[in-house]
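Note that the structure is predicted; figures quoted are calculated from it, not measured. Residue numbers begin at 1 in each chain, while the letters A, B, ... track the order of the sequences.
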Amino acid sequence: MAILEARNIGKTYGGVVALKDAGIHIEAGSVHALLGENGAGKSTLIKIMSGAVTPDRGGITLNGKQVRFRNTGDAARHGVAVVSQELSLFPDLDILANLYPVTGPRRGPFLDRRAMAEAAAPVLDQLGLNVPVRTRLGDLSLAQRQLVEIARALLTKPRVLILDEPTSALEQASADRLLNVVRVLREHQVGVVFVSHILEEVMALSDVITVLRNGQVVMEAQDRKSLSMAEVVTAMLGDKTVQVQEKVTLTAPQETAGGELRIVNAGSQGALSEVSLTVRPGEILGLAGLAGSGHQATLELVAGLRRADSGEVRLPSGRRAPNGLRRSIAAGVAVVSGDRRRFGLMLDKPIWENIAQVRAVALNRDGLFLRRTALRTRARDHGERMSLRCSSVDQRTGLLSGGNQQKVVLAKWLDADPSVLLLDDPTRGVDVGAKAEMHTLIRSATQTGTVTMLCSTDVEELASLCDRVAVFYRGRVAAILEGESLTQHNILETMNTGES
Amino acid sequence: SSGPSGSSGSQETAGASGGGDAKKPLKMGFIYATSTQNPFQEMAFGAKAAADQDGNVTLNQAAPVGVNGPAQVQLFQSAIRNSPDGIGLETLTPDLFVRPINQATDQNIPMAAVDTAPPPGTKVGLFVGNSNTELGVALGEEFIKHVPEDATGDVVIGNDIPGLQLLNQRIEGLVSVIKAKRPKLTIKGPFDAKSEPTDNFNAWQGIVKANPKAIAFLGVGGQDGVSLPLIKQQTGRDFLAGSADIPPEALQAVKKGQLFALSSPEHWLKGYIAMRLLIDSKRTGKPVPTGWWNPGTLVVNKDNVDEIIKRQTDETSRAAYFKAVVDKQLADPNTYLKPIGQAN
Amino acid sequence: MSVDDVGTKGTPALDAPDVPGERPGGGLAALARRVPAMESMSVLVATIALVVVIGILHPDFLSAAQLLDTLQASVYVGLLAGGMAFLISMREIDLSVGSMFGLSLISMGLLINQGLSPWLAGLLGVVLGGVLGLVNALVVQYIGIPTIVATLATLSVYRGLSLALSEGQQVTGMPVEDSFFTILGGKIFGVYTSVWVLIIFAIVLTVVLRFTSFGYRVRSIGSNPDAATFSGISANRVRMQVLVLVGLLAGVAAALGLAFFTSGDPNIGTGFELQAIAAAVIGGTPLRGGTATVVGAIFGAILLAVVGSGLQYFNIPVNWSSFATGAVILLAVSLDSLLRRRRRRKDEALGL
Amino acid sequence: MSVDDVGTKGTPALDAPDVPGERPGGGLAALARRVPAMESMSVLVATIALVVVIGILHPDFLSAAQLLDTLQASVYVGLLAGGMAFLISMREIDLSVGSMFGLSLISMGLLINQGLSPWLAGLLGVVLGGVLGLVNALVVQYIGIPTIVATLATLSVYRGLSLALSEGQQVTGMPVEDSFFTILGGKIFGVYTSVWVLIIFAIVLTVVLRFTSFGYRVRSIGSNPDAATFSGISANRVRMQVLVLVGLLAGVAAALGLAFFTSGDPNIGTGFELQAIAAAVIGGTPLRGGTATVVGAIFGAILLAVVGSGLQYFNIPVNWSSFATGAVILLAVSLDSLLRRRRRRKDEALGL
Ligand SMILES: Nc1ncnc2c1ncn2[C@@H]1O[C@H](COP(=O)(O)OP(=O)(O)OP(=O)(O)O)[C@@H](O)[C@H]1O
Ligand SMILES: Nc1ncnc2c1ncn2[C@@H]1O[C@H](COP(=O)(O)OP(=O)(O)OP(=O)(O)O)[C@@H](O)[C@H]1O
Ligand SMILES: [Mg+2]
Ligand SMILES: [Mg+2]
């Protein structure tokens, strides 16, 4: 019988119906995938099950007993741990403190940090997070912080573990590591809820699948083996269909287009050496590699976030890439960060203000006085183009679902129609349908001669979206894959071995 | 409270004969520099005593929290509205009040400037205030009594609130005497002695340490008379210390001989006389006297300290003590009234 | 954000409440129509309530002259609070505003005593204010210390300068017949010129904050500094601009002050910093940054001024006046927060 | 924050295997080993540099007695700054500390004059401090206004009470021979008792902040309020605890103050709020919250005290003293920030 069960849950936020009549029941020793397009209500359902949000209707039973958690800490003490989509960590505290929120093992009145550290060690290297536990969390990368959040959940020895897009920020290797951890937990009769937009891993991992659409259950606890990915996708998107993007083979550099972006054997202390790359207008160059292998550093180099100790970077305009992010942006570079909540969005501001932030506000392109109507119309156009799910462009961005927030980040940069587009996980946490649409958008942006570079933790994305992929290994370009040789398999192999 | 009732008898008759009204309830105001420091409260108490003694005066007293010129201007402007029968204004920044004072006098509201002379460009006839130069001189005179003719060494002077006119005047007076009568002494300062009690203590402590050879440390503000004795007590160092104003702790220090003297501006008296003159003119119909009324300075030393400590106990004791003084002064105004121009 | 926006995904209706509001000019009309929703409403209501209560107990208080004086008294802190709102909305605080006010005022006075034409001196004084603000900015940027620390230091540096320049004396002997004093210090249409100036600045600053890209930059920084930097906004440059703005406002306040007081006291403006901060926060500009309301800040200053002149009517015993001041402020802000909470609940209900 | 430095993050000091150092006892040892990395170091160095410079120009300044007096002078603001650091690290500011200090001190004095045993009176005074802090907390929580506004009001309410209770007079006539005054006001092993007390509180508060779950909750709230609430930390409860703590510290400071000055002035402590905030921020507790250093805050207070007493040796003309004070503070914090530079650079480095 179910350990944790949520029945006919309803949740409305003012005008917005997050959940109409949703529910899920979690069995011990099984992985329950919870799917749905962006804004379907997955996170809301999860927040409700973990005490972070109180439902308008419906109830939760733990081992058959009606329960109501006061907060996630309370839930944790009842054995229900959640890894929320929007990390709830404390950047100023060190890793250890983040692993034990509220309170940890005590010695007298004091926290026993030694005991904490000892307990944490195995979990941390199980997840492959080998960073000193005293490191300030704020100094960690998004992926590392994601792992800390997961470790925190595991440390409560939960009987129910709820994972909301745990892998969205992780690169392949650590994602696989996580999936194995989940399998182990399943062995130990832990009930797992698994939310993800990466259907491959869902099909590989889960036992049963529940699909939400518009806050309602449209597929309830189906046995995965009985399902094909196509069926799942149709369940998620309903009548909508994914127009699978035919990769346009790059049309010869248009006259309209500016020049190409050149990186001439650039080096940067410890991160890069002798990197030489050329990206033609209208081309999408993928950058792949294991964490720290230099693909991210290359983006930072072009973005002006990192100095080139040797070599140089030339923008399409022909001028040297300026130093410092601000100048680069002024020079037409767009930097779509994967860490949307920290670097991407003003969560307390309406959607339209976020979308206007670069072009109108930072770059002053709309003149001194900003006309709200214009800005909102533009924002709404962007929103419709990427089927943004919101009550209105006046909605506070922080209230959007994760994937929809991600769309706003991309929109705000496309709004500035840049000459160089640097993408870091642009579709992180975006559902299959919207993902295809966003790919189309990125494509069409490139058609005007934009130079695009893409880093992604999603190898499938690299393979399907990019014209060429430069695979990095230990700070050097190990191979540039294109045409026939550009396959997920090759990318992964080169990433890990350095040879293709 | 049973205030002095000096010329009240004659007042009645005068009221009957003159245009004044001895019974009519009066709405008057007393606006002073700050509600948070004792000297100014003494003046407020004095004013209140005068009002209470008449018995039929509503006195709107108000002061900003902490010395704050503009805020006080605002309070004064309110007083113009609700105190048509007369306003006593005690301020440390008289020059900020030019417009509002004219506003008041234009509305024929009787006014008395207290403690600091009315600013030029105003038509206030009466100024009740001690001479701070005289106060400084008095302190200086007391000081030299304890210093031999040919004495040498440093005399260090402190100033609690830089930029405060009346403290500068006190210092001028003090210095003039020392320069004249003890030419061999070298005067250092004035230095910033701060006004907040702990700051004042720390400042003096630093000054004392920084001037190991000085024979005397003289302040002209209320707090100095508290800090200096404490420093003598704690460091065991012996030096001459004197100050102005008469906070209780300082009086105790005089009693113990830790301070050679305190020079008191007699704040209570200023407040009382100013208000009393305003009220009397209303009652008698006689115009408010014009000129600078100087109630005088009181030097507090070992000889009279006990009497003063007794007087400072409470309102009644103050009123009782001052009765005689007030009667004497109101009896013959002319000896106390000088032309406003001479105020210092 | 108005009710009909909700639930209707991106319908043209969205724009209805704003359309005319886009031109800064017409923007005011729009503001006017959005008034009930404005952050600054609650503090206005609280202020009015306070005035009414005092007026009931002491009708004289409601005399036009008294109310005008009270308005006039709020001008200096009001102007400073307006600038402070900008700063706070970008998570900064300037403690030197009171001293900048004082130093500008003293300098103007001294220049006039040097025989400079009052108008020219006033202009120079305003410029000086801007320069002082610039100095703050440079200290913050190049020494690299928090604004609050830098301005705490310049608080006493500037105050010290006005003491030193004036040799601790009041600056007097102004040519009070000069048009500078009669106009700026006088009334226009029966209302103090300084009040008119305050109103003008309330409008201008509001327009700058709400309708110019500069205003958006300021609030972006306060909303999420990292995201702002990542969007190509230079926090340093904007901070500098705002600190200069605050300095200029202090200079303007100083000019009005000198014209009204017709003299300068070296200690004038002491303690204005806390009042300005309080006014801004009471007015509805939260310290966490991201939003600001200039009008609210000015209402906040007016509220404090009302407390000041209102209490004078109650004939508070000498030793209780300071207590009363605090208590009344507490009452007023409680009412304010009560009104605020009701509106906030409504907003949340709308999921905005 | 760039993915590239996986595993390479963290300064050597951080990597130091100090798991044994996690025991609170050994924790201090660990702290000692981490000293070079401590936020508070730079301000300490700056302070020492300042002392040395003054000492070179005026050797008397280096006399033990002078330095002790300077330390003693920093005790009151130091204690308040320690509490303020807690508050600031949770993004709150208490402006009423100076008034709580004053009111507690006055009340103790009055109680003693009522014939209460000084020790008992002192204890009650400390408790009163806590109660005043609690009042602040209740106002903030139930009226629902920002702490800074609430405490701005209580700033004058409490000050007003000490004026009212003391009728504006100094409270005098303490039984100075009583052990309360001789011990707390005196010296132990040649050092002022108050200084010993300050040291003890520096240690205790540091331990509370770094090694108890309470301390972690405080910083968690400052670091990420929403996350804190989600994980079951009650911001209200913690804020209340901290505001009470600050009140208690004000009470302790008051007891030391009364014992030392053997009399109470109703104005005592005026303006301490800004000094305490400045000390905390100078000490390395950023206003954005999340981190705090009690030791740093206290060093900050000492730095300010050094500036104060040091300047006395330079015979600054009275009208220049405030200028000099500001200038020297500026110098000191510049040095401090110079020392911080390297760390701050690292923090500011953005990455993808
Ligand atoms: N606090 C809130 N206030 C208003 N609306 C909200 C709030 N939280 C969520 N919503 C709305 O509820 C809907 C469901 O959000 P939810 O985060 O559950 O979607 P999701 O399934 O997690 O999407 P994603 O896959 O992008 O994370 C969205 O339309 C979102 O805008
Ligand atoms: N694991 C937990 N998850 C969520 N909340 C918790 C957890 N443990 C304790 N709490 C909550 O934290 C509060 C204090 O718990 P704790 O045991 O830390 O008290 P404490 O540390 O002794 O308090 P103090 O630090 O003030 O002495 C309680 O309200 C409790 O509900
Ligand atoms: Mg979600
Ligand atoms: Mg998502």
Side-chain angles (χ1 to χ4, degrees), chain B residues 34-42 44-45 65-66 156-163 167-168 171 188-212 222-223 226-227 229-231 233-235 247-253 312-315, chain D residues 58 60-61 63 65-66 69-70 72-77 98 101-102 105 155-156 159-160 162-163 166-174 176 185-187 257 260-272 275 305 308-322 324-325:
Chain B
T34 171
S35 61
T36 53
Q37 285 173 33
N38 179 254
F40 309 100
Q41 288 179 11
E42 293 263 337
F45 283 135
V65 179
V156 184
I157 295 175
N159 178 344
D160 290 6
I161 308 174
L167 292 186
N168 294 338
I171 291 171
K188 297 182 74 178
F191 301 127
D192 186 356
K194 311 263 191 317
S195 50
E196 191 280 326
T198 50
D199 294 347
N200 180 269
F201 175 85
N202 294 330
W204 274 117
Q205 201 177 39
I207 295 173
V208 171
K209 282 257 182 336
N211 297 279
Q223 202 57 38
V226 182
S227 298
L230 193 56
I231 292 171
Q233 190 174 312
Q234 293 190 339
T235 59
E249 193 69 359
L251 288 172
Q252 293 303 328
Q312 292 300 95
T313 334
D314 58 25
E315 273 317 279
Chain D
H58 294 276
D60 322 359
F61 184 72
S63 73
Q66 173 60 69
D69 287 346
T70 311
Q72 196 280 335
S74 69
V75 167
Y76 315 111
V77 172
F101 170 76
L105 193 148
L155 159 79
S156 54
R159 178 64 60 196
S162 40
L163 284 160
S166 66
E167 284 153 356
Q169 299 283 341
Q170 289 178 342
V171 178
T172 61
M174 299 291 109
V176 289
K187 296 185 176 184
F260 183 80
F261 293 112
T262 66
S263 75
D265 184 292
N267 289 305
I268 198 163
T270 310
F272 277 16
Q275 294 183 48
S309 48
L311 279 176
Q312 302 300 352
Y313 284 76
F314 292 83
N315 297 346
I316 311 282
V318 65
N319 289 327
W320 284 93
S321 77
S322 141
T325 311

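Contact of D:I268 with chain B is made through backbone and side chain together, with heavy-atom distances under 4.5 Å. Heavy atoms closer than 4.5 Å to chain D are found nowhere in B:N200, neither backbone nor side chain. Both the backbone and the side chain of B:Q37 come within less than 4.5 Å of a heavy atom in chain D. Within the 4.5 angstrom heavy-atom criterion, only side-chain atoms of B:F201, from C-beta onward, approach chain D. Heavy atoms of D:A305 lying under 4.5 Å from chain B are absent altogether. Looking at B:V156, there are no atoms closer than 4.5 Å to chain D (heavy atoms on both sides), in backbone or side chain. Of the two parts of B:E249, the backbone and the side chain both hold a non-hydrogen atom closer than 4.5 Å to a non-hydrogen atom of chain D. Contact annotation for B:Q312: neither backbone nor side-chain heavy atoms come within less than 4.5 Å of a heavy atom of chain D.
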List the atom pairs, donor and acceptor, that lie under 3.5 Å between side-chain atoms in residues 202-212 of chain B and the rest of the protein, sequence neighbours left out.
residue, atom, partner, partner atom, Å
B:N202, ND2, B:T198, O, 3.1
B:W204, NE1, B:D224, OD1, 2.8
B:K209, NZ, D:D69, OD2, 2.6
B:N211, OD1, B:K188, NZ, 2.7
B:N211, ND2, B:I207, O, 2.7

side-chain contact (heavy atoms from CB on, under 4.5 Å) evaluation trace for B:E196 with D:N267:
CA-CA 7 Å; B:E196 191 280 326; D:N267 289 305; 5.9 Å; no
Apply side-chain contact (heavy atoms from CB on, under 4.5 Å) to residues B:N159 and B:I171 and explain how you reach the verdict.
CA-CA 8 Å; B:N159 178 344; B:I171 291 171; 3.9 Å; yes
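Per-residue counts of heavy-atom pairs under 4.5 Å with chain B were compared for D:Q169, D:Q312, D:Q66; the largest is that of D:Q312. Interface summary for chain B: among D:D265, D:T70, D:N315, D:T325, the most heavy-atom pairs under 4.5 angstrom belong to D:N315. Interface remark: of the candidates D:I316, D:V171, D:L311, D:N319, D:I316 forms the most heavy-atom pairs closer than 4.5 Å to chain B. Contact tally against chain B (heavy-atom pairs below 4.5 Å) for D:G168, D:S162, D:P317: the top residue is D:G168.
When all heavy atoms of D:L105 and D:G264 are compared, the pair lying nearest together is CD2-CA, 3.5 Å.
Between D:Y313 and D:H58, the ring planes lie tilted relative to each other; the angle falls in the 30° to 60° range.
The shortest side-chain heavy-atom distance between D:W320 and B:P162 does not fall under the 4.5 Å cut-off.
No side-chain N or O of D:Q170 forms a donor-acceptor pair with one of D:S166 less than 3.5 Å apart.
D:F101 pairs by the ring pair (Phe, Tyr, Trp, His ring centres under 6.0 Å) definition with D:Y76, D:F272, not counting sequence neighbours.
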